[in-house]
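These notes are about the structure you will find just below.
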Amino acid sequence: MTGQTASARSGAPARLPLQKILRALRMPLAILAALLVFAAFSPQVLTVGNLRNIALQASFLMIFSLAQCVVILTRGFDLSLGFTVSLVSVVSALAMAATGAVLPGLAAGLGVGLAVGLANGLLVGAVGLNPLVTTLGMGNILLALASTVSGGFPVSGLPAGFNAAFAQGTFLGLPAPIWSAALLLSLLGLVLHLTPLGRSWYILGANPRAGRAAGIRAVPVLVAAYAICSLLAAAGALLMTARTGSGEPNLGGNLTLESIAAAVVGGAKLSGGEGGISAAILGAVFITILSNGMNLVQVDGYLQQICLGLIILASLVLSRGARRR
Amino acid sequence: MLVTRGLTKTFGSATALQDVDFTLEAGEVHALLGENGAGKSTLINLICGTFPPSAGTIEMDGRPLGAGTVAAARAAGIAPVFQEFSLAPDLTVLENLFLGREKRQGLFLQKRAMRREAEELLAEIGFALPLDRLVSELSRAQKQMTEIAKALRLRPRILILDEPTASLTDGEARHLFRAIGLLRGKGVGILYVSHRMSEIRALSDRVTVLRGGRHIGTVETAATSDRALIEMMVGRPVEQLFPAIRSRPAEEVLRVEGLATADGAVEGASITLRRGEIVGLAGLVGCGRSELCRAVFGLDPLAAGEIALKGETLRRPSPNAMIRRGLCYFPGDRAAEGLALARPARENAGMAALRLPALSAGGTVLKTWREGAVVAAPFEDLGLRPMAPELPAGAFSGGNQQKVMLARGLLQDFDVYLFDEPTVGIDVGAKADVYRLMKRLVEGGAGVVVSTSELPELIHLADRIYVMHAGRVVTEIAGKGTGEAEILSHYFGE
């Protein structure tokens, strides 16, 4: 230990600024590089219309990767995120179709998110179960519920106002999903950096035993992390439901993997205690550009999935290397 | 046997070791002394080939030693034992001793021959280790002994021991010292790093002192006083390591009655603590004194007994409740339980005070903008070096990590402070800073409990001492002025 710390300590003051700058610039440069590479193959990539499209797509993914970041911060995981999205979509759509009003749908959707989050949080935080297996099991339950409740078909008959307000609506020229993502990101930014709760997530993620010995109560802190994660997933699910105009039992299919990919590529550390808003934003933009670019260049769908998997693995390897150094 | 000339190592623009001439003779125990960050670890790492030197040479028997690789050093017979364990936790002790160097005949392992050799080796050095136990089930001390045995199995010509007694009990340490004596008799050169002056005096023939990466001097141990060694190490005269504490015992602030823990580590311990006094907890490692502190703070569940803090009786303490009621606990293992090493020092200092008015408004908004100024005061009081609150806690040296952890005790006024092994693995300068902190707390009217393996700390700091053995308090004796022998005589339960 002493050897490494001694070298790290004596070397740190000189190297830190450069390292910091490089680390901060790594993602923006990767994003730029990805854009340019795809632009070289397809002239459509750098059109205003496509860039708008990317921004819109990324704003959805940002909400989900932000949700994932919150639990990853605490050394956790949410493998049920995609299925939470499906269930929220179906339940909120049913509520709206039944009442003909938007508000009951929002309440039902957020209620489902909160319930899922509390269940995950209590199982992981209070009972002490492994987050991977817990949320994997929870995801399976949610998937089955979503299929059963909807009968396996899209739920239609949503009030027109829902789509008009949350999908078509614009303010200062920007569409509603982008505003929603910006609002949620700033809100969570405040929680992370300006509340004891956010600080506790960082400390417990970096060293749970030290957090406990400093008087941080792990159970409420972890339950809050999972609850906020699922609430964010529910908010994202409502926005996506507004966009498709129907409740979709398969809406979340790929989102678990994509949200994890975006968080990890953006810089959230699976060992906990590192990551934040910027990881969610940069990771989501990068992943969105990648899938948008691969679509435009007409890469086969399965090949796209392989690429997504490889990118997760590559960023894990890279972050390992960075820690060793 | 081993000679270094002008050895220099730089990391980036920082110089960790500069122009060091060092010799190690066959059959000598050569102690390496220096504060944290003095270059001891760098020198050791250069000798055992972890990284190559930036300048200078290392020679063994007059021939240059390889190209600064671990393999070359190992081939030359240099065996290092680091504080960090290189053992495989899911293998047995026996399997670890032979890990990567198994005896085999064709495809088959010669298990019986390996067992015989291991038993002979352990008998020779006097270590009692359960060969078939998994390493993950061993105590820290047993792991340390396994690590040493593993190094000795290769019959090294040079053995490097980096604070080998840090986690050993006195009995285990005696075995180690005897083994070191045997090896010395056989002509092995031993490089010994320790912060414990009594060990250095008992074991070593010569001492080399490093400071700030430079070679300050090499002296015959017998011809040099402790005081002179400390002065070489810190570079200034040390008037006194232990400050004069004016303790004024007042009313009782903590009473522990018949406390037993669910895991059986403490089986009925009763102690009292008054304001304005320091109470020592003495005993061998594993006697239950660390566990008593943990249980009082609420980290380990209780099976029986009660705790009265400022007159309020608590049967189910929790860390959160104890901190709010004015009891502060400093864990003995700062890396495992004291600090979030990846987070900045600033956050580590503040993590027990997230709901304190100075840091938060109503417990809901963290005054991040004021935090830097709030933690700067305790850091300056404790003499944190470097004074860089934004650096991750893990980037500081051992002594300064300890200060980052202790800072939490200065952010708010506690009535009771529990210190568990407060000076493990920290250098003399930082120790003095820790003692000064205790003086300040006690003279300010707090009660302080110190659980420690260091006899000098008990003798110089404590007003009263409870000696524990096998989970029980066996006796209470006076502190300051009591002889080491008097305290030790109670360590085995009499």
Side-chain angles (χ1 to χ4, degrees), chain A residues 1-20 73-75 189-221 224 268-276 319 322-323 325, chain B residues 9 11-16 36-37 39-42 44-45 50-51 82-84 162-163 193 213 297 299 318-324 329 331 335-343 347-348 350-352 354-355 359-360 363-368 386 388 391 394-398 401 408 425:
Chain A
M1 179 190 84
T2 39
Q4 278 160 352
T5 47
S7 59
R9 197 170 55 108
S10 40
R15 264 186 301 180
L16 201 69
L18 186 65
Q19 263 183 357
K20 257 191 174 162
L73 204 50
T74 67
R75 294 193 179 184
L190 292 178
V191 172
L192 285 174
H193 298 292
L194 283 181
T195 67
L197 178 65
R199 177 64 59 81
S200 302
W201 288 340
Y202 280 104
I203 300 277
L204 279 186
N207 186 349
R209 292 181 63 199
R212 182 147 188 265
I216 295 174
R217 290 187 298 164
V219 176
V221 169
K269 294 272 180 297
L270 296 186
S271 49
E274 264 180 83
S319 70
R323 204 177 326 144
R325 249 185 284 122
Chain B
K9 181 68 188 175
F11 295 100
S13 63
T15 305
N36 284 321
K40 299 183 307 258
S41 301
T42 308
I44 292 176
N45 278 312
T50 311
F51 35 64
F82 289 110
Q83 282 167 288
E84 244 169 50
D162 189 5
E163 293 203 49
V193 180
F297 185 59
L299 278 171
S318 77
N320 186 277
M322 292 313 261
I323 286 175
R324 270 184 295 157
Y329 163 76
E337 219 167 19
L339 296 168
L341 292 175
R343 303 303 305 170
E347 292 185 12
N348 274 283
M351 71 182 174
L354 294 180
R355 295 185 189 275
L359 281 185
S360 84
T364 50
V365 174
L366 204 57
K367 299 181 194 164
T368 318
L391 221 54
F396 289 87
S397 68
Q401 286 184 13
R408 80 170 63 144

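What you see below is based on every heavy atom in this structure, not just the backbone, and it leaves out hydrogens, waters and symmetry mates. The chains referred to below are lettered A, B, ... by the order of the sequence lines, with proteins before strands, and numbering in each begins at 1. Quick caveat, the model's predicted, so the values are computed rather than measured.
In this structure a side-chain-to-backbone donor-acceptor pair under 3.5 Å is missing from N320(B) to R217(A). Of the possible polar contacts, none joining the N207(A) side chain to the L341(B) backbone as a donor-acceptor pair under 3.5 Å is found.
Contact check for R199(A) versus M351(B): no side-chain heavy atoms found under the 4.5 Å cut-off. Put simply, the side chain of T364(B) does not reach to within 4.5 Å of the side chain of P196(A), judged on heavy atoms.
For the ring pair (Phe, Tyr, Trp, His ring centres under 6.0 Å) test, no residue two or more places apart in sequence or in another chain qualifies with Y202(A). With sequence neighbours left out, the side chain to side chain donor-acceptor pair (under 3.5 Å) criterion links T50(B) to N45(B).
If you take CG on N348(B) and CD1 on I203(A), they are separated by 5.5 Å, rounding to the nearest 0.5 Å. Here the straight-line distance linking atom CZ of R212(A) with atom CD of E337(B) works out to 8.5 Å at 0.5 Å rounding.
Comparing A213(A), A214(A), G198(A), A206(A) by heavy-atom pairs within less than 4.5 Å of chain B, the highest count is held by A214(A). If you tally non-hydrogen atom pairs under 4.5 Å between each of A336(B), A388(B), G350(B) and chain A, the highest count goes to A336(B). Ranked by heavy-atom pairs shorter than 4.5 Å toward chain A, the options L339(B), I44(B), L359(B) are led by L339(B).
Only the side chain of I323(B) comes within less than 4.5 Å of a heavy atom of chain A; its backbone N, CA, C and O stay farther away. Heavy atoms of R324(B) lying under 4.5 Å from chain A are absent altogether. Looking at T368(B), both its backbone and its side chain come within 4.5 Å of chain A, counting heavy atoms on both sides.
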